[in-house]
Amino acid sequence: MLFFPNIFTLITNTTLTAISIVMYIIFMIAAWNIFEKAGEAGWKAIIPIWNLYILFKITWGIGLLFLLMLIPVVGTIVALITSYKLAKVFGHGIGYTLGLIFFPWLFWLILGFGSSEYQGI
(Lines give C-alpha, C1' and ligand atoms only; values in the text may rest on other atoms or scores of the structure.)
Protein backbone atom coordinates (compact mmCIF):
# COMPACT_ATOMS: atom_id res chain seq x y z
CA MET A 1 0.00 0.00 0.00
CA LEU A 2 1.31 3.44 -0.93
CA PHE A 3 1.43 6.29 1.51
CA PHE A 4 0.08 9.61 0.26
CA PRO A 5 0.69 12.53 2.61
CA ASN A 6 -2.13 14.97 2.97
CA ILE A 7 -1.84 18.42 1.45
CA PHE A 8 -1.38 20.10 4.85
CA THR A 9 1.76 18.06 5.58
CA LEU A 10 3.15 18.82 2.13
CA ILE A 11 2.54 22.57 2.46
CA THR A 12 3.96 22.65 6.00
CA ASN A 13 7.13 20.79 5.01
CA THR A 14 7.64 22.98 1.95
CA THR A 15 7.12 26.16 3.95
CA LEU A 16 9.50 25.10 6.71
CA THR A 17 12.13 24.13 4.14
CA ALA A 18 11.83 27.50 2.39
CA ILE A 19 12.07 29.40 5.69
CA SER A 20 15.14 27.35 6.68
CA ILE A 21 16.87 28.08 3.38
CA VAL A 22 16.18 31.81 3.66
CA MET A 23 17.43 31.88 7.27
CA TYR A 24 20.59 30.01 6.27
CA ILE A 25 21.31 32.48 3.46
CA ILE A 26 20.81 35.45 5.79
CA PHE A 27 23.07 33.83 8.39
CA MET A 28 25.78 33.21 5.79
CA ILE A 29 25.63 36.86 4.71
CA ALA A 30 26.07 37.88 8.37
CA ALA A 31 29.02 35.49 8.76
CA TRP A 32 30.49 36.89 5.53
CA ASN A 33 30.25 40.41 7.01
CA ILE A 34 31.83 39.28 10.30
CA PHE A 35 34.77 37.75 8.44
CA GLU A 36 35.23 40.91 6.35
CA LYS A 37 35.12 43.10 9.47
CA ALA A 38 37.92 40.96 10.89
CA GLY A 39 40.05 41.41 7.78
CA GLU A 40 39.42 38.01 6.22
CA ALA A 41 37.87 37.32 2.84
CA GLY A 42 34.10 36.96 3.23
CA TRP A 43 33.82 33.93 0.95
CA LYS A 44 35.70 31.88 3.54
CA ALA A 45 32.54 31.91 5.67
CA ILE A 46 30.67 29.62 3.29
CA ILE A 47 33.18 26.75 3.19
CA PRO A 48 32.21 24.32 5.98
CA ILE A 49 35.43 23.35 7.79
CA TRP A 50 37.51 26.25 6.56
CA ASN A 51 35.10 28.70 8.19
CA LEU A 52 35.82 27.17 11.61
CA TYR A 53 39.54 27.49 10.99
CA ILE A 54 39.12 31.18 10.10
CA LEU A 55 36.77 31.79 13.05
CA PHE A 56 39.38 30.38 15.43
CA LYS A 57 42.05 32.43 13.68
CA ILE A 58 39.92 35.55 14.28
CA THR A 59 39.15 34.73 17.92
CA TRP A 60 42.12 32.73 19.21
CA GLY A 61 44.86 33.80 16.80
CA ILE A 62 45.64 30.15 16.02
CA GLY A 63 43.29 28.56 13.51
CA LEU A 64 44.26 24.96 14.17
CA LEU A 65 42.77 25.12 17.66
CA PHE A 66 39.43 24.32 16.01
CA LEU A 67 40.58 20.68 16.08
CA LEU A 68 39.90 20.75 19.83
CA MET A 69 36.22 20.76 18.90
CA LEU A 70 36.59 17.07 18.00
CA ILE A 71 37.22 16.09 21.63
CA PRO A 72 33.79 15.54 23.26
CA VAL A 73 33.86 17.47 26.57
CA VAL A 74 36.72 19.76 25.59
CA GLY A 75 34.87 20.74 22.41
CA THR A 76 31.93 22.11 24.37
CA ILE A 77 34.18 24.16 26.64
CA VAL A 78 36.20 25.46 23.67
CA ALA A 79 32.96 26.44 21.87
CA LEU A 80 31.83 28.45 24.91
CA ILE A 81 35.22 30.16 25.20
CA THR A 82 35.16 30.89 21.46
CA SER A 83 31.80 32.64 21.88
CA TYR A 84 33.32 34.75 24.64
CA LYS A 85 36.39 35.55 22.53
CA LEU A 86 34.20 36.44 19.51
CA ALA A 87 32.25 38.92 21.61
CA LYS A 88 35.49 40.28 23.07
CA VAL A 89 37.28 40.86 19.73
CA PHE A 90 34.30 42.92 18.58
CA GLY A 91 34.26 45.00 21.76
CA HIS A 92 31.38 43.34 23.61
CA GLY A 93 31.18 41.84 27.09
CA ILE A 94 29.72 38.87 28.90
CA GLY A 95 26.12 39.83 28.10
CA TYR A 96 26.80 39.59 24.40
CA THR A 97 28.61 36.29 25.02
CA LEU A 98 25.48 34.88 26.64
CA GLY A 99 23.50 36.08 23.65
CA LEU A 100 25.91 34.29 21.29
CA ILE A 101 25.54 31.10 23.34
CA PHE A 102 21.76 31.07 23.82
CA PHE A 103 20.55 33.00 20.75
CA PRO A 104 23.31 32.56 18.15
CA TRP A 105 21.11 33.27 15.13
CA LEU A 106 20.09 36.65 16.47
CA PHE A 107 23.45 37.74 17.86
CA TRP A 108 25.45 36.65 14.79
CA LEU A 109 23.05 38.77 12.73
CA ILE A 110 23.53 41.74 15.04
CA LEU A 111 27.29 41.27 14.90
CA GLY A 112 27.33 40.91 11.12
CA PHE A 113 24.93 43.70 10.22
CA GLY A 114 25.55 45.99 13.19
CA SER A 115 28.15 48.68 13.75
CA SER A 116 30.57 46.55 15.79
CA GLU A 117 34.17 46.84 14.70
CA TYR A 118 36.92 44.26 15.01
CA GLN A 119 39.23 45.22 17.89
CA GLY A 120 41.83 42.49 17.35
CA ILE A 121 42.87 39.65 19.62
Side-chain angles (χ1 to χ4, degrees):
M1 179 162 178
L2 294 174
F3 174 72
F4 295 103
N6 63 21
I7 191 71
F8 179 74
T9 304
L10 184 63
I11 291 172
T12 303
N13 289 342
T14 305
T15 304
L16 289 176
T17 301
I19 290 170
S20 297
I21 290 170
V22 168
M23 287 177 64
Y24 178 77
I25 290 170
I26 292 170
F27 184 75
M28 281 294 105
I29 294 170
W32 186 299
N33 288 341
I34 290 170
F35 278 31
E36 285 186 341
K37 285 180 179 183
E40 295 289 337
W43 61 266
K44 294 178 182 178
I46 61 175
I47 301 173
I49 295 172
W50 186 252
N51 64 7
L52 276 178
Y53 173 80
I54 300 301
L55 178 64
F56 273 71
K57 188 175 164 188
I58 291 169
T59 56
W60 292 81
I62 303 169
L64 286 177
L65 286 178
F66 85 94
L67 294 173
L68 292 173
M69 300 285 285
L70 299 174
I71 304 170
V73 175
V74 175
T76 303
I77 295 167
V78 169
L80 294 173
I81 295 170
T82 302
S83 293
Y84 171 73
K85 287 184 166 282
L86 182 62
K88 205 67 162 165
V89 298
F90 279 96
H92 298 286
I94 192 70
Y96 203 89
T97 301
L98 293 173
L100 284 170
I101 292 169
F102 293 111
F103 304 105
W105 283 91
L106 176 63
F107 281 80
W108 271 71
L109 291 175
I110 294 170
L111 197 60
F113 295 117
S115 61
S116 299
E117 292 184 18
Y118 183 69
Q119 310 284 316
I121 299 171

*Are Tyr96 and Phe103 grouped together when hydrophobic residues (ILVMFWY) are joined by side-chain heavy atoms under 4.5 angstrom apart?*
yes

*Nearest 0.5 Å, what's the CG-CZ distance between Asn51 and Phe66?*
9.5 Å

_So, taking the atom named OG1 in Thr76 and the one named CD1 in Ile71, what distance separates them when rounded to the nearest 0.5 Å?_
11.0 Å

*Shared hydrophobic cluster for Met23 and Ile26 (ILVMFWY, side-chain gaps under 4.5 Å)*: no

*Can you see which heavy atom on Tyr118 is nearest to which on Lys37, and at what distance?*
CB-O, 3.2 Å

*Hey, could you give me the CG/CD1 distance between Leu52 and Ile47, rounded to the nearest 0.5 Å?*
12.0 Å

*asked:* Keeping Gln119 on the side-chain end and Glu117 on the backbone end, is there a donor-acceptor pair under 3.5 Å?
replied: yes

*Can Ile29 be reached from Trp105 by stepping across I, L, V, M, F, W or Y side chains whose heavy atoms are under 4.5 Å apart?*
no

*For Leu100 against Ser83, the heavy-atom pair lying closest together*: CD1-O, 3.4 Å

_If you count heavy atoms of other groups shown closer than 6.0 angstrom to OH of Tyr84, is the number above 12?_
no

*Indicate yes or no: at least one non-hydrogen side-chain atom of His92 is less than 4.5 angstrom from one of Leu111.*
yes

*Quick check: are there more than 12 heavy atoms from other residues, nucleotides or ligands sitting under 6.0 Å from CG of Leu106?*
yes

*Side chain to side chain, Leu86 and Leu55, heavy atoms closer than 4.5 Å*: yes

*Find the distance between CG (Leu68) and CH2 (Trp60) and round it off to the nearest 0.5 Å.*
7.5 Å

*Might you point out which heavy atoms bring Phe56 and Val78 nearest each other, and give the distance in Å?*
CE2-CG1, 3.5 Å

*With a cut-off of 6.0 Å (strictly less than), are more than 12 heavy atoms of other residues, nucleotides or ligands near OH of Tyr24?*
no

*Honestly curious: do Phe102 and Trp108 fall in one hydrophobic cluster under the side-chain, below-4.5 Å linking rule?*
yes

*Could you tell me which non-hydrogen atom of Ile54 sits nearest to which non-hydrogen atom of Phe35, and how far apart they are?*
CG2-CE2, 3.4 Å

*Over all atoms of both residues, closest heavy-atom pair of Pro104 and Ile101*: CD-O, 3.8 Å

*asked:* According to a hydrophobic-cluster definition based on side-chain heavy atoms being under 4.5 Å apart (Ile, Leu, Val, Met, Phe, Trp, Tyr only), do Met28 and Ile25 belong together?
replied: no

*Say whether, by atom type as modelled, one donor and one acceptor occur between the side chain of Ser116 and the main chain of Gly112 under 3.5 angstrom.*
no

_Tell me if the CG atom of Leu70 is crowded by more than 12 foreign heavy atoms within 6.0 Å._
yes

*CG of Leu109 to CG of Asn33: how many Å apart, nearest 0.5 Å?*
10.0 Å

*Any idea which heavy atoms bring Ala87 and Gly93 closest together, and the distance?*
CB-O, 4.0 Å

*Check whether any side-chain N or O of Lys44 sits under 3.5 Å from a backbone N or O of Tyr53 as a donor-acceptor pair, and report yes or no.*
no

